Amino acid sequence: NRMKLFQSAKLDVISHLAAGVNHEIKNPLTSIRGMLQILKEDENLSKEKKELFYNIALDEVDKVDQVITDYLTFARPYPDSIEKIYINEVISKSFQIIKPYSTQMNVEIIRKVETSESSYVLGDPSKFVQVLVNILKNSIEASTLGGTIRINAAMNDKRCYISIMDDGVGMNEEVVRRLGEPYFTMDGNGTGLGMMVVFRIIESMKGDIQINSTPGNGTEIILTIPTNIE
Ligand code: ADP
Ligand code: MG
């Protein structure tokens, strides 16, 4: 059982989530535009070339879609609002958002929420939903044969703990170490941005991320968020 404690001060590569958008979305758009332009103007394109250019354009569209999902679906880039994040509420919301995907992938999600309706931490609720959705999405994708994901939440007067545990493929030490690096992905269709966004947001809340993972057995990600940040 491998375990690593992260002080989530890891990444200052992209200082604002929004700063990356230009590159992440404009590059694929430029490529899509280029492909469409060629397809429109070159009448003598071979069938193979046409096929190739259409496929590139389609892949790039999927890429943009992924980037938006990992990066900005829920997290409004500006302004960074500081509000009460009701733990039960954001867990419910994330669960609702991810449910169609988990159902499709034959993954059951079990919630054991010991926090009360009034339990909260401070930060941007929409960003916190983005954190939970990105982690849950990875857990579902790691559950290649279906499986179970457990979400636990608990709180004392100093900290809130949220654990997301899957019984998926797990990660070796190298992957755990690189998790959260921008563009680090082991998934051919991945963006490698999901965990970077998670680290950035948890860091901004002065929280920690602990990752326990065993190849072949599964992964547990524990978020620890202080409650006393004003
Ligand atoms: P992406 O999902 O786009 O690949 P992420 O930053 O979300 O990017 O994750 C990076 C990589 O970390 C994934 O490609 C995957 O290999 C690995 N990973 C993340 N979470 C898990 C998990 N729960 N189980 C197994 N592997 C994981
Ligand atoms: Mg991901």
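Quick caveat: nothing in here was measured; it's all calculated off a predicted structure. Each ligand, and each atom within it, is numbered from 1 in the order the structure gives.
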Q: Short list, please: which atoms of ligand 1 are under 4.0 Å from a heavy atom of A142?
A: 22 (C), 24 (N), 25 (C)
Q: Give the atom numbers and elements of ligand 1 that come within less than 4.0 Å of a heavy atom of N138.
A: 2 (O), 5 (P), 7 (O), 9 (O), 19 (C), 20 (N), 21 (C)
Q: Salt bridge between E60 and K63, side-chain N to carboxylate O under 4.0 Å?
A: no
Q: Quick one: which of M195, M196, E220 has a heavy atom closest to atom 6 (O) of ligand 1?
A: M195
Q: Which of the protein's N, O or S atoms come within less than 2.8 Å of the Mg ion (ligand 2), not counting waters?
A: N138 OD1
Q: Which ligand 1 atoms, with their elements, are less than 4.0 angstrom from a heavy-atom of T219?
A: 22 (C), 23 (N), 24 (N)
Q: With atoms numbered from 1 as shown, which atoms in ligand 1 lie under 4.0 angstrom from a non-hydrogen atom of D187?
A: 4 (O), 14 (O)
Q: Which atoms of ligand 1 are found less than 4.0 Å from any heavy atom of G192?
A: 1 (P), 3 (O), 6 (O), 8 (O)
Q: For ligand 1, is G168 a contact, meaning one of its heavy atoms is under 4.0 Å away?
A: no
Q: Any nitrogen or oxygen of V175, main chain or side chain, under 3.5 Å from a nitrogen or oxygen of ligand 1?
A: no
Q: Any atom of ligand 1 sitting under 4.0 Å from a heavy atom of L179?
A: yes
Q: Side chain or backbone of T191 under 4.0 Å from ligand 1, or both, or neither, by non-hydrogen atoms?
A: both
Q: Pairs of donor and acceptor atoms involving the side chains of residues 144-159, under 3.5 Å and at least two apart or interchain, shall be tabulated with distances.
A:
residue: N156; atom: OD1; partner: K158; partner atom: N; Å: 2.8
residue: N156; atom: OD1; partner: R159; partner atom: N; Å: 2.7

